[in-house]
Number of protein chains: 2
Amino acid sequence: MSNSGSDGGSGVVQSVDRAIEILELLARTGESGITEIAAHLGVHKSTASRLVYTLQKRELVEQHGERGRFTLGLGVLRFTGAASNQSEIVRVGTPLCEALAEKLGESVHIAVLDGTDVINVCEARGPSAISTQEWTGRPTPPHTSSSGKVLLAAAPRERQELVLSRGLEACAPRTITDPHRLREELERVRKDGYAVAIEEFEPGLHGVAVPVRGKGDDVIAAISASGPSYRMKRTQMRDMVAELRIAAQDLSARLGYARR
Amino acid sequence: MSNSGSDGGSGVVQSVDRAIEILELLARTGESGITEIAAHLGVHKSTASRLVYTLQKRELVEQHGERGRFTLGLGVLRFTGAASNQSEIVRVGTPLCEALAEKLGESVHIAVLDGTDVINVCEARGPSAISTQEWTGRPTPPHTSSSGKVLLAAAPRERQELVLSRGLEACAPRTITDPHRLREELERVRKDGYAVAIEEFEPGLHGVAVPVRGKGDDVIAAISASGPSYRMKRTQMRDMVAELRIAAQDLSARLGYARR
DNA sequence: GGTTATTGTTGCGGTATGAGCAACTCGGGG
DNA sequence: CCCCGAGTTGCTCATACCGCAACAATAACC
């Protein structure tokens with residue numbers, strides 16, 4: 001039926017691809033039954049059952065009750081630590097974040113776009129650390145943050161449409177919820193090369209972000225600074241953008257991409 | 001066929017099982033090459049390559065450089081949030097943790113045993129929150145913490161031997177590194193029904209833990225309290241054990257297991 | 001309480017599909 | 001320059017996986 005996600009391609013191992021699709025489905029829905037999963041994949045119940053059973057044996061999926069519904073299992077946590085330590089961008093980005101946080105006096109994050117979610121992959125809190133809390137790994141909607149806008153502005157059109165079609169939920173009074181306004185905003189971000197978010201994620205919180213580019217000038221991540229509104233005035237933001245740009249270029253270079 | 005080694009068993013989908021084994025290998029080693037992975041699985045290079053390619057397309061694995069080595073990718077972060085929110089024990093355990101942290105004035109954790117690692121699945125910091133940092137999801141060796149001892153004491157013999165055979169690394173001056181002493185300690189934990197750790201994980205940090213039981217009285221998790229040594233004297237610990245026990249029983253009951 | 005609808009879990013047999021082989025490309029040393 | 005190691009890719013065969021259908025076990029309904 002509706003193979004909404006990415007239908008593999010050539011060279012991929014079918015059953016593995018389907019298994020991963022199950023995990024992603026569970027991540028989205030929270031919990032599902034076998035029949036539902038089978039329908040989503042467009043396969044027979046038995047096939048889905050077999051796949052889920054395999055995932056379950058490895059503790060990537062757990063079953064609530066004897067014959068109940070399925071959710072993601074705690075086994076996936078085994079991977080998170082290693083992933084965030086080993087992934088190249090995190091490894092070289094973390095010290096950069098920390099240096100920058102020290103210099104700017106505000107929290108600094110590096111985020112990537114994962115499907116239609118923004119995920120912060122590393123974080124360094126500013127010296128005055130009351131403001132922000134731990135966000136690493138938690139997915140947030142792209143339209144609510146400065147990094148999200150940067151990433152979205154550079155994403156392929158279809159991805160943008162997907163985000164828009166899901167609806168722009170407000171998580172603060174000043175969140176952009178009008179599709180038309182968001183489109184304009186993204187246009188401006190593309191032109192200026194940076195994004196700001198003024199109390200759009202949380203009241204009293206401002207942020208600025210710039211893109212990090214990989215080979216071929218495509219945007220692979222965003223680096224952002226955020227802090228309380230009373231410390232983030234126009235002038236400070238301008239200075240921050242400059243600093244962030246230097247850091248972004250440095251990061252690109254250290255990831256092995258030619259700096260230009 | 002007679003799939004020797006650590007293979008799932010009957011009913012599992014072979015390629016999916018192998019793919020997960022790859023992820024676990026990468027989580028352990030940090031990074032590996034295709035040849036190494038193939039050798040570990042006991043399959044041909046091409047097979048390993050195909051599996052890795054599939055994982056890579058889903059961003060669960062990333063490749064460093066054009067023809068370089070492989071590590072876990074950031075795609076796995078997509079799962080962590082959902083896993084820790086949806087897993088039953090976390091969902092009902094979190095409010096319990098928070099209540100207890102408030103009452104005891106120290107940080108409270110719930111941990112499970114995952115393979116041979118202890119993983120904290122939820123956390124509530126005490127009001128005086130300077131002491132501990134975010135540990136959720138990060139695997140720690142079982143012999144260094146009070147929760148670890150509780151979980152290990154209840155684990156099947158083979159699991160214990162596996163931990164012992166890997167060697168007991170010291171992460172603080174007072175970590176138990178002698179296998180014989182650890183065996184004695186586990187015996188005592190089984191008898192008393194609780195465990196303590198006195199500066200065994202980190203200098204100046206004490207902890208106490210009790211088991212959480214599932215159906216059939218098997219231990220499925222541990223709930224612990226930890227804090228700086230100057231606030232954790234014998235008497236306080238005794239009181240804490242009592243409180244923890246009540247909480248553990250409550251948790252068991254709320255997970256749907258008969259309380260006795 | 002009996003009956004129906006829906007759930008997830010199994011044998012079983014055909015075939016799509018994934019495993020293995022070997023040839024290939026690419027890079028780094030000796 | 002040639003060799004040796006890395007990872008990738010056609011090609012082929014049979015094996016492991018998928019779909020079917022019958023099965024158990026709740027849940028829902030009157």
Side-chain angles (χ1 to χ4, degrees), chain A residues 1 3 7-23 25-26 29-58 60-73 88 215 256, chain B residues 1-23 25-26 29-58 60-73 88 215 256:
Chain A
M1 277 281 281
N3 237 333
D7 195 24
S10 76
V12 303
V13 178
Q14 190 189 52
S15 29
V16 174
D17 201 54
R18 285 175 173 171
I20 300 172
E21 182 64 33
I22 291 177
L23 294 178
L25 177 69
L26 289 177
T29 64
E31 59 168 49
S32 307
I34 283 285
T35 316
E36 199 176 332
I37 294 171
H40 176 81
L41 294 179
V43 300
H44 198 264
K45 278 194 306 178
S46 61
T47 305
S49 177
R50 243 65 84 130
L51 291 170
V52 168
Y53 175 74
T54 306
L55 295 170
Q56 202 180 347
K57 270 232 158 172
R58 296 294 198 141
L60 300 191
V61 159
E62 66 183 46
Q63 190 170 20
H64 290 206
E66 194 62 38
R67 239 159 242 282
R69 296 169 77 75
F70 297 89
T71 67
L72 287 181
E88 184 129 27
K215 63 191 83 178
Chain B
M1 287 286 270
S2 58
N3 263 325
S4 58
S6 62
D7 260 353
S10 76
V12 303
V13 178
Q14 191 189 51
S15 25
V16 174
D17 201 55
R18 287 175 172 169
I20 300 172
E21 182 65 33
I22 291 177
L23 293 178
L25 177 68
L26 289 177
T29 64
E31 57 169 51
S32 306
I34 283 286
T35 315
E36 199 175 332
I37 293 171
H40 177 81
L41 294 179
V43 300
H44 198 266
K45 276 195 307 177
S46 62
T47 305
S49 177
R50 240 78 74 137
L51 291 170
V52 168
Y53 175 74
T54 306
L55 295 171
Q56 202 181 345
K57 270 230 157 173
R58 296 293 198 142
L60 301 190
V61 159
E62 65 183 46
Q63 188 170 23
H64 292 207
E66 194 63 39
R67 244 160 237 282
R69 295 169 78 74
F70 297 89
T71 67
L72 287 180
E88 184 129 27
K215 62 192 84 175

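Because the structure is a prediction, the values reported are computed rather than measured. Basis for what follows: all heavy atoms, side chains included, without hydrogens, waters or symmetry-related copies. Every chain is numbered from 1, with letters handed out A, B, ... down the list of sequences.
As a whole-Å value, the separation of A:Arg50 CZ from C:dG18 P is 15 Å. Across the protein-nucleic acid pair, B:Tyr53 atom OH and D:dT9 atom P stand 8 Å apart, rounded to whole Å. Between the C1' atom of C:dG8 and the CD atom of A:Glu31 lies a distance of 15 Å, rounded to the nearest Å. Computed from coordinates, the A:His44 NE2 to C:dT10 C1' distance equals 12 Å when rounded to whole Å. Separating the CG atom of B:Leu55 from the P atom of D:dT8 is a distance of 13 Å, rounded to the nearest angstrom. Between the P atom of D:dT9 and the CD atom of B:Gln56 lies a distance of 11 Å, rounded to the nearest Å. Rounding to whole angstrom units, CG of residue A:Leu51 and P of C:dT10 are separated by 15 Å. Taking atom CD1 of residue B:Ile22 and atom C1' of nucleotide C:dA19, one finds them 13 Å apart after rounding to whole Å.
Considering only side-chain N and O atoms, B:Ser49 lies under 4.0 angstrom from the phosphate OP1 or OP2 of D:dT8. Residue B:Thr47 has a polar side-chain atom (N or O) positioned under 4.0 Å from OP1 or OP2 of C:dG20. The side chain of A:Gln63 places an N or O atom within less than 4.0 Å of a non-bridging phosphate oxygen (OP1 or OP2) of C:dT9. Contact annotation: A:Ser46 side-chain N/O to C:dG8 OP1/OP2 distance is not under 4.0 Å. In terms of phosphate contacts, B:Gln14 brings no side-chain nitrogen or oxygen within less than 4.0 Å of OP1 or OP2 of C:dG18. Listed pair A:Arg18 / D:dC18 meets the phosphate criterion, a side-chain N or O lying under 4.0 Å from OP1 or OP2.
In plain terms, the two heavy atoms of B:Arg18 and B:Leu41 that are nearest each other are O-CD2, 4.1 Å. Minimum heavy-atom separation, A:Ile37 to A:Ala48: CG2-CB, 4.3 Å.
Donor-acceptor pairing under 3.5 Å, judged by distance alone, is absent between the side chain of B:Arg69 and the base of D:dG7.
Distance alone, capped at 3.5 Å, is enough to place a donor-acceptor pair between the A:Thr29 side chain and the A:Leu25 backbone. Looking at B:Thr54, its side chain does come within 3.5 Å of a backbone N or O of A:Val13 through a donor-acceptor pair.
Between B:Ile22 and the choices B:Leu60, B:Leu72, B:Val52, B:Asp17, the side chain to side chain contact (heavy atoms under 4.5 Å, CB included) rule is met once, by B:Val52.
Within 4.0 Å of A:Val52, counting heavy atoms only, lies no atom of the nucleic acid at all.
The nearest heavy atom of DNA chain C to A:Val13 and to A:Lys45 marks one nucleotide each, and the one closer to the 5' end goes with A:Lys45.
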